[in-house]
Structures are given as structure tokens and as C-alpha cells.
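Let me begin by presenting the structure, written as C-alpha cells, before commenting on it.
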2 protein chains.
Amino acid sequence: MTLDALPLHQGGAENLARLLAQALLAGHWQPGDVFPRELDIGAHFNVSRNQVRNALTSLTAAGLLERTAGRGTQVRDIGDWHLLDPLMSEWMSGLINLDPQLVSAIYAFRYSAEPVVAGLAAQAAQAEDLERLDNAFMGMEKTANSAEARADHAEYDVAFHDATYRASHNLVWRQMGHLLRPSIMALIHRSQHRTDTLDDSLARHRQVLEAIRNRDAHAAETAAREVLRRTAIDLGIVS
Amino acid sequence: MTLDALPLHQGGAENLARLLAQALLAGHWQPGDVFPRELDIGAHFNVSRNQVRNALTSLTAAGLLERTAGRGTQVRDIGDWHLLDPLMSEWMSGLINLDPQLVSAIYAFRYSAEPVVAGLAAQAAQAEDLERLDNAFMGMEKTANSAEARADHAEYDVAFHDATYRASHNLVWRQMGHLLRPSIMALIHRSQHRTDTLDDSLARHRQVLEAIRNRDAHAAETAAREVLRRTAIDLGIVS
DNA sequence: CTTGTACAAATGTCAGACATTTAATAGACT
DNA sequence: AGTCTATTAAATGTCTGACATTTGTACAAG
């Protein structure tokens, strides 16, 4: 893999890190591949070696690369990537073509975790949490039937899940929800959205909301599982 | 707060970052305080400005600091810290006096998450996973009855939980297990360890191991919950 | 065939100058 | 007196070139 396929970069050093990270996340390099040298990267994008080093430092901190003096830079195995690193989270936002292995791993995690979170939310939710969930759900309803509001619909969908994590009133789960934001967004963007599937998705979200409002932890778990089953169908993981 | 109270630093730039981070985690600076300038830090520790900048870059990435050109470096609010950042995890290891609020939040998270993880492990564990769990458990047994092997016992305990997360064969859960390592270690160190409670703890861990070996997801969930109930008692959260 | 040496290539580090951003200050005009 | 503007100082951000250190390789001596 060479740098030629990458789009031209413009802006600060953060953009360079983002650009390279997204190429890695999309699977343009295989684990074990040697990464281009600092000077080559700098020459290709016409930036100083400093900026290249700053960008590579970020990628290394996120576990994407391994650098050793004299040997060069290598792409690390996916298992070593720091998926929960906020940097990673930021880079994944806006990225549509995720590595399929990542997509299924993130989906599997959410399928196991979100029912628990919804259950906790049913026990711990307060008035302001319910308000957040309500707003997000109403936004989803409002934007369901127009094609041009699709981006807004995705935002409300993410906001709904974020509000669920937040309603658990646990610091760790709340961080998880924040970190998963872009992943959830990516999953939503990969989903097929026809009119009938959207109606079904809305109905399942509504059941989560109602269960949390009724403080019924068991029902919330079940409903959250149903939402994710719908997601699996839309993703093409199952039919 | 000045730098004078900090121990002298020796070694690479990583040590400097660790030193400053642990000072922050110990509460030596209050949120909103201005952090010393690059040149002052460099002069105090007798290192180049480059090393200081590298260290501060790490702390900024972890959400501990906020730096703006011209204004200086500020300590961010605790709510903005990236608790799940691998860097943070590394810096927390070795710190014993965790914030009580943090302890209970982490315990609550584990109580909700680990049963699910154990269930996944029962479904997905392979031969090598069982071997890791076996080794960790046998280590726990071997070090249970001697006071001087207490540190080793804690290591095996942590290894057991890490192996459980790993056996789930999910990339995200595996990362969680890795990130929770120092937190789990801190919880173990806070626990009371008398002989009878240790026997009870061992018995409950054994049931998790057996359930995973028998591929019984439901039993694994229940057993994991029992292990954490024991932990809660040892922590003094419940009696 | 092994070992040692020299060399090349890559990342790591340093020092200094300069750029940019921000806040404070002094001064001029109304 | 008050307010706007220009200047200055202080901090972080960036660039550049040189040098240090680590690693892999080629080659020759034993």
C-alpha cells in the first residue's frame, strides 16, 4: 500500500493524523505491513517532519502502529488497537467504510452490553434523563419520513443511545456511551433504511423508552435486545 | 502548587509523563489551576523542552490538561478525564488511594458487566482460554494460605478476571478487561483478606471456571455475580 | 560456517530561532 | 472620565538542521 491513494491533506497536524488513521481503520494496510517512512510522508503531503512525527505519535498511542528506531514503522494487529481510546473514537466519526471485522465486534459488544445498560437505566433514570430520551425519540419520529432529514435522524438515534448510557448513572458506562458514539453512528450509516424497517425500528425504540419510564428493568433489557436485532437485520448480519 | 514536592525524575520521557500524571491523580493540583510552564518544568527536572512537550502531549490526550497558545496550561475538571484511556490505566497502576466515588462506580460497573462477560466466555472459550483460566485459578489456590504470597495472589486474581474478559473473544470486551486491570487490582488491595473469606472467594471463582468449562452460560453469569457479591462484602460495601 | 566490522537507513533527541495566540498595558481621542 | 486602539510581553506552536541511537545488511577474515 502506498500513499498515492489517499486524498490530499489540508489543514493542521490533527488532520494528517486523522487521514492516516482512517486509512488504517479502513483496512488499507494489513497487520505487519511496514508503514511509509517519516520523510516520505512529509514529502508526499508537503508538511514538515514535525507534523508527521506528531501525527505518528498519536497513531502509536492509539495502538495502531509500532515504531522502533532503525527498523521503521509497522502496522499492529487489530487485537492491539485501543478501540476505546478517545482519539480512535474521534477518527472513527465520519468514517463509513469500517473494517468488517470491527463492525461485527462492535455490534456483538453492543448486543451484550446495551440490554444491561437499559436495565440499569430503568432503575436509575431521573426526570432529566427521561426528558433527554423523550427529546431524542421525538426527533427520531419527526425525521423518519423525509429522505433529506436522514442525517438528522441518525443524530437523534445516536442521542437516544447516548441518553440511555447516561441514564445508567454510572461513570464507566457513561464514558463507554460517549466512546461508542461514532461507532453507533457508523453502524447506523451502514444500515439499510427503507420506510417499513424504519417504522419497525421506531416501534422497538419506543418500547425501550416506555420500559425505562415504567422502571421495568426486565422489559427494558428485552426491548433493547429487540432494537439491536433490528439493527442486525439492517446491517445484513442476519436476515 | 509548585514542582518542589515532586520526587526527582530519572529515566525517559515516559517517566516524566507518569510522574506528572500521578501528581495530578493524587490531587496535587485543583481543577482550573494553572500548570507550570514548559520551560520551568524543563529547568526543574533538567530535561529538554522536547521531553516536557512530549509528556504534556500525553497528559493533554488523556484529558488531564488543556493547553492554549498564549494563555498557558490549565488543569481540567475531573469529569473531563478520560478514565478509559490506556494511558490513564497505566498511570493508575500502583496508585492505591483511589477516590471512593471512583471505587464504587467501578464496582457497580463490574457487577453489571462481568456476569455478561462470563456468559459470553462460556459460549466462546477455547482450549487456550481454559488453560489460562486454569493456570490463574491454580495460582490463586497455591498462594491462598501464606501471608507473604499476598501480592502473588492478587496477581493471579487479576489474571483470572483478565482471562475471563479475553475468553469472550470480543475485541471490545477484551480491551475493557485490559483497561480495568489496575482498577481491579486496586479493589483487591482494598479488600479484607481473612482465611475464611479467602476460602469462600476461591470456591466462588471455582464455580465460574467450572461453568465456563461446561459451556453453561447461565451458570457462568450466576457464578460471576456471586464472586462480585463476595468482593462487595470484602470491600465493606455490604455486610 | 560463523563471527566481527563497517556502513546505511530509520527513528529519537536536541537546540535555537521564529510564528502565532492571548492577555495586559499604555496612550490617544472623544 | 471613558473607550477604543496600538504596542508589548508571555506563553504555546512550528520549523529547521544537526546529531544520537538503534537496527539490519553486506562483506571479509578466521
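All heavy atoms count here, side chains included; hydrogens, waters and symmetry mates do not.
Under the 6.0 Å cut-off for aromatic ring centres, His178(B) and His82(A) do not qualify, their centroids lying 6.0 Å or more apart. Note: Phe160(B) and His205(B) meet the aromatic proximity criterion, with ring centroids under 6.0 Å apart.
For Arg53(B), taking side-chain heavy atoms from C-beta onward, the closest of the listed nucleotides dC15(D), dG12(C), dT14(D) is dT14(D). Taking only side-chain atoms of Glu38(A), from C-beta outward, the nucleotide of dA15(C), dG12(C), dT14(D) with the closest atom is dG12(C). With dT11(C), dC14(C), dC15(D) as the candidates, the nucleotide lying closest to the side chain of Gln51(A) is dC15(D).
Between Arg37(A) and dA9(C) there is no side-chain N or O to OP1 or OP2 distance below 4.0 Å.
Counting to the nearest Å, the C1' atom of dG13(D) and the CG atom of Leu56(B) are 13 Å from each other. Separating the CD1 atom of Ile41(A) from the C1' atom of dA10(C) is a distance of 12 Å, rounded to the nearest angstrom. If you measure from atom CG of Leu65(A) to atom P of dG12(C), you get 11 Å, rounded to the nearest angstrom. Atom pair Asn50(A):CG and dA17(C):P shows a separation of 17 Å (rounding to whole Å applied). Note: CG (Leu39(A)) to P (dC15(D)) measures 14 Å, nearest angstrom. Remark: P of dA10(D) and CZ of Arg67(B) are 18 Å apart, rounded to the nearest angstrom. Atom CG of Asn54(A) and atom P of dT11(C) are 15 Å apart (whole Å).
Judged by distance alone, the side chains of Tyr156(A) and Glu141(A) never bring a donor and an acceptor atom under 3.5 Å apart. In the model, His161(B) has a side-chain atom that pairs as donor or acceptor with a side-chain atom of Asp157(B) under 3.5 Å.
Annotation: side chain of Arg37(A) is not in contact with side chain of Thr73(A) (no heavy-atom distance under 4.5 Å). Counting only heavy atoms from C-beta outward, the side chains of Arg110(B) and Leu228(B) approach each other to under 4.5 Å. The shortest distance between side-chain heavy atoms of Gln101(A) and Ile78(A) falls below 4.5 Å. Between Leu171(B) and Phe109(A) there is no side-chain heavy-atom pair separated by less than 4.5 Å.
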Atom pairs, protein N/O to nucleotides 6-8 of chain C N/O, distance under 3.5 Å:
none

Let's go through Tyr165(A) and Glu114(A) carefully: what are the C-alpha distance in whole Å and the side-chain angles of both, what is the deciding distance for side-chain hydrogen bond (donor to acceptor under 3.5 Å, both in side chains) to 0.1 Å, and is it a yes or a no?
CA-CA 8 Å; Tyr165(A) 280 90; Glu114(A) 268 182 38; 3.3 Å; yes

Nucleotides 18-25 of chain D: protein proximity per nucleotide (B base, S sugar-phosphate only, - neither; heavy atom, under 4.0 Å)
B---BSS-

